[in-house]
Amino acid sequence: MTLRLTNTLTRRLEAFEPLVPGQVSIYCCGVTVYDLCHLGHARSYIAWDVLRRYLQWRGYAVTFVQNVTDIDDKILARAATEGSSMEAVSERNIREFQTDMAALGILPPDRLPRATRCLDGIRQMITELEASGAAYSADGDVYFSVLKKADYGKLSGRSLEEQQEGASGRMGEAEEARKRHPFDFALWKGAKPEEPSFPSPWGPGRPGWHIECSAMVRQELGDTIDIHLGGADLIFPHHENEIAQSEVATGQALARFWLHNGMVNVGGEKMSKSLGNFTTIRALLNSGTTPMTLRLLVLQAHYRKPLDFTAAALEAAATGWKGLNAALLVGDQQAAALGWPAATATSAICGSAQADSVDPAAPLEEARQRFSDAMDDDLNTSAALAVLFELARPLRSLANRLERGDAASGADDDLRKRWLLLRELSAVLGLVAELPATEAAAPGAGGPSEADIQAVIEARRLAKASKDYATADGLRDQLRSAGIELIDRPTGLTEWIRK
RNA sequence: GGCGGCAUGGCCAAGUGGUAAGGCAGAGGAUUGCAAAUCCUUUACCCCCAGUUCGAAUCUGGGUGCCGCCUCCA
């Protein structure tokens, strides 16, 4: 089966074939670095990370470029507020962005161009647009004339005639007056006093928002790329304008496939800075949610649909991941008991998994096929996850039997192959086993020390041995109220976890 | 006002013509001194009305509700 993707340009499911056989060029609209990323960004970049991993798994050589908008009104405003500079705000938030992405297991882009470092390409493109008559200057600003692009609106499905009415009166009056058409947009903005600026043939200023992506795509990947990615909220005007600029400048189609992810909602409304209903990735991870839990939460829904972020959904994902994680860890934690060759939990990350793949003739091939078919169907990760959970079930069962000292049954080679396949397919979704948190990392503020806990456990063990269950239960409750849950293993050992 | 999307069990969510994947929660069971944790089993008149069809969650028309975009936004 071939991979089929919903192309926003045609609003249809289309078979994907790259321009150059075996190679895929991808451009992903990145962040404006004025603040920490929130869950909307996480959802988007997790989805595209999975697209990238899947293409690689299918054998394509993928070049993945993501931009950073490091000059913008919000960055300037933030710099003014904190009394620093645009560069300081940008630099800091780029690092924060990279930290968050790494935490979520999102593969770093092959190149991460910044607007302020692509000014030559930007000025070049504006000059070309001016020469072709599609751009005009007005009071130090340069605008793109949408009437010069015959098919303007083809991505978002709107026509200039129909939209004119609704658009008027929404922009600043001064800017409105300089434009020839309400939809015309700035390619270059003349600098206001005191603002950082860059020289240009049109006077000091800075690039408009849309032009940087057009220039970067051309600079990094060429005139026509295979896939352009972004959030659905970028379809209009951002991507529409990118298309207009690039296609007038190059005479070529900008991107063959346009993919857009659905929004993250909170209480049915879009998560956004302006509504103040956002949760940063940082805050979520600090509150105890693991990266893989968030990944599972995101991948349980189809990437194009809205995703409602709720505490209940998060909890369900956490429990779900716990089960999958247990299955992924079976081979590592029980390798000795099973007599399997040892493997480390990290070896399955990303592309390396395929080297250890299962025998194509094995019956498990059917599961691999179902996974592949699901992903081919416009990245149906929800259906792909169902395959993972089904693969995991016997492994979890095996772990249960091992724990009860009943290892003999089923600890065979088929199960090992199943485990390897689970690891391989999970890695395609970026789902990689998380080792249990080390206790050293957990205690933090106020909790009882490990030595204290062991002391109580020993006291309880003695109480139990003398059948003094009242005392034993009292000790257990005591720890429970301190956030420590005890787990009596069949072996007689008592383990504990911090909740 | 214009453009687009979505409505499936208690919750989340696949499924685009042949009588409903998966996850969470719930229930029953195994295990346990009792728990917890774990494993096993189990739970659906697919928003409404009309139509097409031998047959529709799935196609067509109408309705209702919700969301996104049209301004910065992943």
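Lettering of chains follows the sequences in order, A, B, ..., and the numbering in each one begins at 1. Values reported hereafter were calculated over all heavy atoms of this structure, with side chains retained and with hydrogens, waters and symmetry mates removed.
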Review point. Paired with B:G68: which nucleotide, if any, by Watson-Crick or G-U wobble criteria at under 3.5 Å for both distances?
Key: B:C3
Exercise for review: For atom NZ of A:K192, decide whether the heavy atoms of other residues, nucleotides or ligands shown that lie under 6.0 angstrom number more than 12.
Suggested key: no
Review point. What distance, rounded to whole Å, do you find between the two C1' atoms, one in B:C46 and one in B:G17?
Key: 15 Å
**Study point:** Pairwise C1' distance for B:G18 and B:U53, with rounding to whole Å
**Key:** 12 Å
**Study point:** Between B:G4 (C1') and A:L9 (CG): distance, integer Å
**Key:** 15 Å
Review point. Is any side-chain N or O of A:K270 closer than 4.0 Å to OP1 or OP2 of B:A74?
Key: no
Point to revise | Pairing residues for A:H38 by the ring-ring contact (aromatic ring centres under 6.0 Å, His included) criterion, not counting sequence neighbours | key: A:H41
Check your understanding: Between atom CG in A:L429 and atom P in B:G23, what is the gap in whole Å?
Key -> 15 Å
Practice item. Can you tell me the pairing partner of B:U16 across any strand shown, Watson-Crick or G-U wobble, with both distances under 3.5 angstrom? Key: none
Check your understanding: Closest to the A:R393 side chain: B:U41, B:U38, B:C70?
Key -> B:U41
Study note, to complete from the structure: Closest of B:C70, B:G23, B:G33 to the A:F389 side chain is B:G23
Point to revise | Watson-Crick or G-U counterpart of B:G51, or none if no pair lies under 3.5 Å | key: B:C59
Practice item. Rounded to whole angstrom, note down the C1' distance from B:C3 over to B:U43. Key: 42 Å
Point to revise | Value in whole Å for how far the P atom of B:A74 lies from CZ of A:R304 | key: 20 Å
Exercise for review: Any strand is fair game: report the nucleotide pairing with B:A30 by Watson-Crick or G-U wobble, both distances under 3.5 Å, or none.
Suggested key: B:U38
Practice item. Determine, answering yes or no, if A:Y45 is stacked on B:A74 under the 5.5 Å centre rule and the 30° plane rule. Key: no
Check your understanding: In whole angstroms, how far is the P atom of B:A37 from the CZ atom of A:R401?
Key -> 22 Å
Review point. Can you name the nearest heavy-atom pair linking A:A399 to A:V330, along with the distance?
Key: CB-CG2, 3.8 Å
Review point. Between B:A44 and B:C12, how far is it from one C1' atom to the other, in whole Å?
Key: 15 Å
Exercise for review: For A:K273, answer base if it contacts any base atom (sugar-phosphate contacts may also be present), sugar-phosphate if it contacts only those atoms, and nothing otherwise; contact means non-hydrogen atoms under 4.0 Å.
Suggested key: nothing
**Study point:** Interatomic distance, A:M292 CE vs B:G23 C1' [rounded to whole Å]
**Key:** 18 Å
**Study point:** Lys/Arg N to Asp/Glu carboxylate O, A:D141 vs A:K179, below 4.0 Å
**Key:** no
Exercise for review: Could you measure between the two C1' atoms, the one in B:G22 and the one in B:U42, and give it in whole Å?
Suggested key: 16 Å
Exercise for review: Sticking with atom P, work out how far B:U71 lies from B:G15, rounded to a whole angstrom.
Suggested key: 33 Å
Check your understanding: Taking only side-chain nitrogens and oxygens of A:K322, does any of them come within less than 4.0 Å of OP1 or OP2 of B:U38?
Key -> yes
Practice item. Can you check each nucleotide of nucleotides 8-17 of chain B against protein heavy atoms at under 4.0 Å and return B for base, S for sugar-phosphate only, - for none, in 5' to 3' order? Key: -----SSS--
**Study point:** Quiz item: cation-pi between A:R4 and A:F16, 6.0 Å / 45°
**Key:** no
Check your understanding: Which value, in whole Å, describes the distance between the C1' atoms of nucleotides B:U60 and B:C67?
Key -> 25 Å
Exercise for review: Mind checking A:G268 for me? I need base, sugar-phosphate or nothing, with any heavy atom below 4.0 Å counting as a touch.
Suggested key: sugar-phosphate
Practice item. Check every strand shown and say whether A:R43 touches a base, only sugar-phosphate, or nothing at a heavy-atom separation below 4.0 Å. Key: nothing
Check your understanding: Can you find a donor-acceptor N/O pair under 3.5 angstrom joining the side chain of A:D488 to the base of B:A37?
Key -> no
Study note, to complete from the structure: Exactly one of A:F64, A:W258, A:F257 clears ring-ring contact (aromatic ring centres under 6.0 Å, His included) with A:H228, and that residue is A:W258
**Study point:** Salt-bridge present (A:R393, A:E390; N to O < 4.0 Å)
**Key:** no
Point to revise | Pairing nucleotide - B:G9, Watson-Crick or G-U, each distance under 3.5 Å | key: none
Review point. Reckon A:E485 touches a base, only the sugar-phosphate, or nothing at all at heavy-atom distances under 4.0 Å?
Key: sugar-phosphate
Check your understanding: Pick the nucleotide of RNA chain B nearest each of A:R489 and A:H210; which residue has the one closer to the 5' end?
Key -> A:R489
Study note, to complete from the structure: side chain to side chain contact (heavy atoms under 4.5 Å, CB included) filter on A:E458, not counting sequence neighbours, yields A:R461, A:L462
Practice item. Side chain of A:L234 only, please: which of B:C39, B:G33, B:A74 is the nearest? Key: B:A74
Review point. Does A:Y469 have A:K464 sitting over its ring (NZ/CZ under 6.0 Å from centre, angle to axis within 45°)?
Key: no
Check your understanding: Roughly how many Å is it from CD1 in A:I235 to C1' in B:G2, rounded to a whole number?
Key -> 15 Å
Review point. Reckon A:V387 touches a base, only the sugar-phosphate, or nothing at all at heavy-atom distances under 4.0 Å?
Key: nothing
Practice item. Could you check how far CD of A:E390 sits from C1' of B:G23, rounded to whole Å? Key: 11 Å
Point to revise | Proximity to the side chain of A:R480 - top-ranked nucleotide from B:G33, B:A36, B:A74 | key: B:A36
**Study point:** Whole-Å distance separating the CZ atom of A:R158 from the P atom of B:U71
**Key:** 8 Å
Check your understanding: Hey, does A:G262 reach any base, or is it just sugar-phosphate, or nothing, if we go heavy atoms under 4.0 Å?
Key -> base
Review point. Does A:R476 make a side-chain donor-acceptor contact with the base of B:A35, cut-off 3.5 Å?
Key: yes
**Study point:** Complement of B:A74, any strand, by Watson-Crick or G-U distances under 3.5 angstrom
**Key:** none
Review point. On the ring face of A:W48, is A:R52 found with NZ or CZ under 6.0 Å from the centre and within 45° of the axis?
Key: no
Check your understanding: Given that A:I487 and A:R460 both sit by RNA chain B, which one's nearest nucleotide is further toward the 5' end?
Key -> A:R460
**Study point:** Over 12 non-hydrogen atoms of neighbours within 6.0 angstrom of CD in A:E403
**Key:** yes
Exercise for review: Quote, to the nearest angstrom, the C1' distance that separates B:C47 from B:A56.
Suggested key: 16 Å
